[in-house]
Amino acid sequence: MGQKVHPYGLRVGYIKPWKARWFAKRDAGVVLQEDLKIRNYLKEKLSFAGISSIEIDRASNRVRIRIFAAKPGVIIGRRGQEIDKIKEDLAALTKNEVFLDIKEVKLPQIDAQLVAENIALQLVKRIGFRRAMKKAVQLAMQKGALGIKVKCKGRLGGAEIAREEKYHEGKVPLSTFRADIDYGFAEAFTTYGTIGCKTWIYKGDILVKKEQEAQKMEMEKKFKPTEEESAKTEAPSAEAVIEKQEPSGDKENLNDAPTA
């Protein structure tokens, strides 16, 4: 049995945030079931829009849902008609007030979930699995990924015995905590059976200390007064006070005064 840790779950709290942010003293199971219903509904309803991930924030009686999609325009529709229908359907699933935010995935070629779904879709359309996997690997490396690993498992090409095929390019350090590794999984329901597609994409390292220092610098810049403000607020120095008190001009030395 393979004993593998989920690459996202391993990094939660270190370089990755939680995808559901809420706290419940009671009925935590009910809220969790609600979250699962929302996610399943959105995945089924908006499968054509290329949904990468769904984040859920809860505060008091409000639910804010962020949808990260490759085609946000399709979800919104003309004059926001489609998004209003989705809001109505989501309101039926939960008693709380629903807010929707739709974010665009700018580079779907290096989004692991979208890459896995794309390979699965090609397998359903009977495109050769080697061709689909190799193309996904090439596109990801061209778009700036530092490493990618793609794996397909099942009755590939309609073979009688299920097998596993994988392609790897670049480096994918799964055990390194600071490594930003995106993971995606999708299933292709073919006439011969189900084929599973897994994708790991390495996007670089996230250094937590450097990020914290950068945030501190930004905060200091925001609240740092300008030169004019600082000049106004600065107290005058002791020398400046003495100069004001003493009369201007050359100081006469008493020793040099003419004697009688």
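Since the model is a prediction, treat every value here as computed from it, not as a measurement. Each residue takes its place number in the sequence, starting with 1.
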**Distance (rounded to the nearest 0.5 Å) between Ile65 CD1 and Lys87 NZ** = 10.0 Å
**Prompt:** When rounded to the nearest 0.5 angstrom, what is the spacing between CD1 in Ile206 and CZ in Arg178?
**Reply:** 11.5 Å
**Item:** Basic-acidic side-chain contact under 4.0 Å: Lys153, Glu164
**Value:** yes
**Message:** Side chains of Tyr202 and Asp180 only: does a donor on one sit below 3.5 Å from an acceptor on the other?
**Reply:** no
**Message:** Lys203: which residues meet the salt bridge (charged side-chain N to carboxylate O under 4.0 Å, His left out) condition with it, sequence neighbours left out?
**Reply:** Asp182
**Asked** How many angstroms lie between atom CG of Leu10 and atom CG of Leu174, to the nearest 0.5 angstrom?
**Response** 9.0 Å
**Six-ring centre of Tyr183, Lys149 cation under 6.0 angstrom, axis tolerance 45°** = no
**Rounded distance (nearest 0.5 Å) linking atom NZ of Lys143 with atom CD1 of Ile110** = 9.0 Å
**Complete:** In short, Ile119 meets Cys152 closest at the heavy-atom pair CG2-SG, 4.0 Å
**Message:** If I take atom SG from residue Cys197 and atom CG from residue Asn118, how far apart are they, to the nearest 0.5 angstrom?
**Reply:** 10.0 Å
**Fill in**
Nearest heavy-atom approach of Ala20 to Asp35 is CB-OD2, 3.8 Å
**Message:** Would Arg155 pass as a cation-pi partner of Tyr192, given that its NZ or CZ must be under 6.0 Å from the six-membered ring centre and within 45 degrees of the axis?
**Reply:** no
**Prompt:** Any salt bridge between Glu104 and Lys106, counting N to O under 4.0 Å?
**Reply:** no
**Donor-acceptor side-chain pairing of Thr94 and Glu34 below 3.5 angstrom** = yes
**Message:** Within the 3.5 Å criterion, strictly below it, is a donor on Gln142 or Gln138 matched to an acceptor on the partner's side chain?
**Reply:** no
**Atom pair CZ (Arg62) and CZ (Phe99), whose distance is rounded to the nearest 0.5 Å** = 4.5 Å
**Prompt:** Which heavy atom of Asp111 sits nearest a heavy atom of Ser52, and at what distance?
**Reply:** OD2-OG, 2.7 Å
**Prompt:** Quick one: does Ile51's side chain get under 4.5 Å of Gln113's, heavy atoms only?
**Reply:** no
**Request:** Would you please test Lys43 and Glu117 for salt bridge (Lys or Arg N to Asp or Glu O under 4.0 Å) and show each step?
**Result:** CA-CA 12 Å; Lys43 273 282 183 187; Glu117 285 178 9; 3.1 Å; yes
